[in-house]
Participant: 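The structure is given below, and queries will be raised subsequently.
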2 protein chains.
Amino acid sequence: MSKAKTKTDFQAFLQKQGLKSTRQREIILDEFLKGGAHLSTEDLYLKLRKKHPSIGYATVYRTLRLFAECGIAEARDFGDGQTRYESSDLLEHHDHLICTVCGQIIEFEEPQIEKLQEKVARAHGFKIVRHRLEIYGQCPRCKP
Amino acid sequence: MSKAKTKTDFQAFLQKQGLKSTRQREIILDEFLKGGAHLSTEDLYLKLRKKHPSIGYATVYRTLRLFAECGIAEARDFGDGQTRYESSDLLEHHDHLICTVCGQIIEFEEPQIEKLQEKVARAHGFKIVRHRLEIYGQCPRCKP
DNA sequence: GCTCCCCTTGAAAACGATTTTCAATTTATT
DNA sequence: AATAAATTGAAAATCGTTTTCAAGGGGAGC
Ligand SMILES: [Zn+2]
Ligand SMILES: [Zn+2]
Ligand SMILES: [Zn+2]
Ligand SMILES: [Zn+2]
């Protein structure tokens, strides 16, 4: 999915929900799509502040939540006390390897694990809506 | 591991760290070992309050953190904003199926998934310290 | 363009879980 | 019992997040 497509998707979402397209939302979406993956609200707020110091923290929060509701972003919680968001743009589902020393995050996808999850869920009569698999440890550079 | 063993382990831990064995810590450990899995601080605090109304919230927090440091308990975060603890007592490693409707938590263990995680980590030169796999969805009773 | 209704905004206050502070108490050692 | 150090409970502080609210802005209909 291209950035342009994401933007029109967001516009369509706003319209459908009776919400409004605003200058701030456009700016925040642009910066979000530009910035790296796994951004916290604070990360994004600080980036935005350089060019748009008048945009408030609360607006960034609200807008990221909107992105998640709309489906153009996904919320992640890596257990460091901050919610992070990543663009659904281009992304297939993936899980994460997280280095607890330097904070580096590596994305991976292992279809066999996904299949086995289905198997486990089926065995318990569960209907899977979503899942999270996070592997914490040390990356090659931080390994002793 | 038996409860008695867990208790002596905790005593040994306290001694080694230059910490003290107190009435409150004994009471809290007893209640923790008695109570169900996946207890939040609040859960445990409320249980304790019935028999020991003078024990403070902060003490329960601090003591659960101690249990985790000592290794007799493990902290879990299922994303509902509360840290939960479960006893390492008797438990092998396991992962969780969580019903987002009724909150039911089912534990499971799938050795093949564990193996595949090792494989993924190896491929990225990662040394695994711990991991979390949580599958969210609807349990049989809550399925539409 | 103008009007009106409702949505959105930014700042500050409120929130909820957790942590810290601090004076009083308890523990463990002498 | 005396001492030093750790612990306690209550209250205040912290931190990420959410809500409140008055002021400002969007856009459908004129
Ligand atoms: Zn996955
Ligand atoms: Zn990712
Ligand atoms: Zn596992
Ligand atoms: Zn469990």
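Chain identifiers are assigned alphabetically (A, B, ...) following the order of the sequence lines, protein sequences preceding nucleic acid strands; residue numbering begins at 1 within each chain.
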Participant: So, does A:Thr22 get its side chain near the phosphate of C:dT9, meaning an N or O under 4.0 Å from OP1 or OP2?
Facilitator: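 Yes.
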Participant: Can a side-chain donor-acceptor contact be found between A:His94 and A:Glu109 if the only test is distance below 3.5 angstrom?
Facilitator: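 There is no such pair (donor and acceptor under 3.5 Å, judged by atom type) between the side chains of A:Glu109 and A:His94.
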Participant: For A:Leu48 and C:dT9, what is the distance between atoms CG and P respectively, to the nearest whole Å?
Facilitator: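 The answer, rounded to whole Å, is 12 Å.
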Participant: With a strict under 4.0 Å distance from non-hydrogen atoms of chain A, what nucleotide opens and what nucleotide closes the contacted stretch of DNA chain D, reading 5' to 3'?
Facilitator: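 Range of nucleotides within reach of chain A: D:dG16 to D:dG27.
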Participant: Look at all strands and tell whether B:Gln24 reaches a base, only sugar-phosphate, or nothing, counting heavy atoms closer than 4.0 Å.
Facilitator: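 Sugar-phosphate contact only.
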Participant: Compute whether any side-chain donor of one residue and acceptor of the other, for A:Gln11 and A:Ser21, lie under 3.5 angstrom apart.
Facilitator: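 Short answer, yes.
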Participant: Taking OP1 and OP2 of C:dC7, is either one under 4.0 Å from a side-chain nitrogen or oxygen of A:Arg62?
Facilitator: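 Indeed not, no polar side-chain atom of A:Arg62 lies that close.
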Participant: If I take atom CD in residue A:Gln15 and atom P in nucleotide C:dC6, what distance separates them, rounded to the nearest angstrom?
Facilitator: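 The answer, rounded to whole Å, is 18 Å.
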Participant: Looking at B:Tyr61, does any N or O in its side chain come under 4.0 Å of the phosphate oxygens OP1/OP2 on C:dT18?
Facilitator: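 Yes.
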Participant: For DNA chain C, whose closest nucleotide is more 5', that of B:Thr83 or that of A:Gly18?
Facilitator: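 Its nearest nucleotide lies further toward 5', so the answer is A:Gly18.
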Participant: For the residue pair A:Asp43 / A:Ser40, report whether a side-chain donor-acceptor contact shorter than 3.5 Å exists.
Facilitator: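 A donor-acceptor contact under 3.5 Å links the two side chains.
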Participant: Quick check: are there more than 12 heavy atoms from other residues, nucleotides or ligands sitting under 6.0 Å from NZ of B:Lys143?
Facilitator: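 Counting neighbours around NZ of B:Lys143, more than 12 heavy atoms of other residues, nucleotides or ligands fall under 6.0 Å, so yes.
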Participant: Compare the minimum distances between each of C:dA12, C:dT8, C:dT29 and the side chain of A:Ala58, then state the nucleotide with the smallest one.
Facilitator: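 Nearest listed nucleotide: C:dA12.
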Participant: When the distance from CG of A:Leu66 to P of C:dT8 is rounded to whole Å, what number comes out?
Facilitator: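 Interatomic distance, CG of A:Leu66 to P of C:dT8: 8 Å.
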Participant: For A:Ser40, answer base if it contacts any base atom (sugar-phosphate contacts may also be present), sugar-phosphate if it contacts only those atoms, and nothing otherwise; contact means non-hydrogen atoms under 4.0 Å.
Facilitator: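 The answer is nothing, as A:Ser40 stays clear of every strand by at least 4.0 Å.
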Participant: Scan residues 20-30 of chain B for pairs that pass salt bridge (charged side-chain N to carboxylate O under 4.0 Å, His left out), counting only residues two or more places apart or in two chains.
Facilitator: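 Applying salt bridge (charged side-chain N to carboxylate O under 4.0 Å, His left out) to every pair that reaches into residues 20-30 of chain B, excluding sequence neighbours, yields B:Lys7-B:Asp30.
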Participant: Output the rounded distance in Å from CG (B:Leu14) to P (C:dT29).
Facilitator: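 B:Leu14 atom CG is separated from C:dT29 atom P by 12 Å.
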Participant: I need the CZ-P distance between B:Arg23 and C:dT26, as an integer number of Å.
Facilitator: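 Distance check: B:Arg23 CZ to C:dT26 P gives 9 Å.
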Participant: Between B:Tyr45 and B:Leu19, name the one whose nearest nucleotide on DNA chain D is closer to the 5' end.
Facilitator: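 First, find each residue's nearest nucleotide; the 5'-ward one identifies B:Leu19.
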Participant: Run the ring-centre check on A:Phe32 versus A:Phe67 and record whether the distance is less than 6.0 Å.
Facilitator: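 Yes: the rings meet the under 6.0 Å criterion.
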Participant: Do the side chains of B:Tyr85 and B:Tyr61 join up, straight or via other hydrophobic residues, at under 4.5 Å, putting them in one cluster?
Facilitator: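 Same cluster: B:Tyr85 reaches B:Tyr61 through Ile, Leu, Val, Met, Phe, Trp or Tyr contacts under 4.5 Å.
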Participant: Using heavy-atom distances to pick each residue's nearest nucleotide on DNA chain C, tell me which of B:Gln82 and B:Lys20 is more 5'.
Facilitator: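 Looking at the nearest nucleotide for each, B:Gln82 comes out on the 5' side.
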Participant: Please tell me whether A:Ile98 and B:Phe78 are part of a single hydrophobic cluster in this structure, the criterion being side-chain heavy atoms less than 4.5 Å apart.
Facilitator: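 Each belongs to a different hydrophobic cluster.
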Participant: So does B:Gln112 get a backbone contact from the side chain of B:Glu110, meaning a donor-acceptor N/O pair under 3.5 Å?
Facilitator: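 A pair under 3.5 Å: yes.
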Participant: Based on the rotation axes of five pairs at each end, what angle does the helix from C:dG1-D:dC30 to C:dT30-D:dA1 bend through, to 10°?
Facilitator: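 Nearest ten degrees gives 30° for this helix.
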Participant: Checking B:Ile128 against B:Glu118 for the side chain to side chain contact (heavy atoms under 4.5 Å, CB included) test, could you report, in this order, the C-alpha distance in whole Å, the side-chain angles of both residues, the deciding distance, and whether it holds?
Facilitator: CA-CA 8 Å; B:Ile128 297 184; B:Glu118 291 290 349; 4.1 Å; yes
Participant: Would you mind telling me which residue lines up with the more 5' stretch of DNA chain D, B:Ser54 or A:Arg84, judged by nearest nucleotide?
Facilitator: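 Here B:Ser54 is the residue nearer the 5' end.
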Participant: Please report, rounded to the nearest Å, how far the P atom of C:dT8 is from the CD atom of A:Glu26.
Facilitator: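 My rounded result for the distance is 14 Å.
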Participant: Tell me: CD of A:Gln17 to P of C:dC7, nearest whole Å?
Facilitator: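 Rounding to the nearest Å, CD of A:Gln17 and P of C:dC7 are 12 Å apart.
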Participant: Mind calculating the distance between CG (A:Leu64) and P (C:dT8) to the nearest angstrom?
Facilitator: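 Value for this atom pair: 15 Å.
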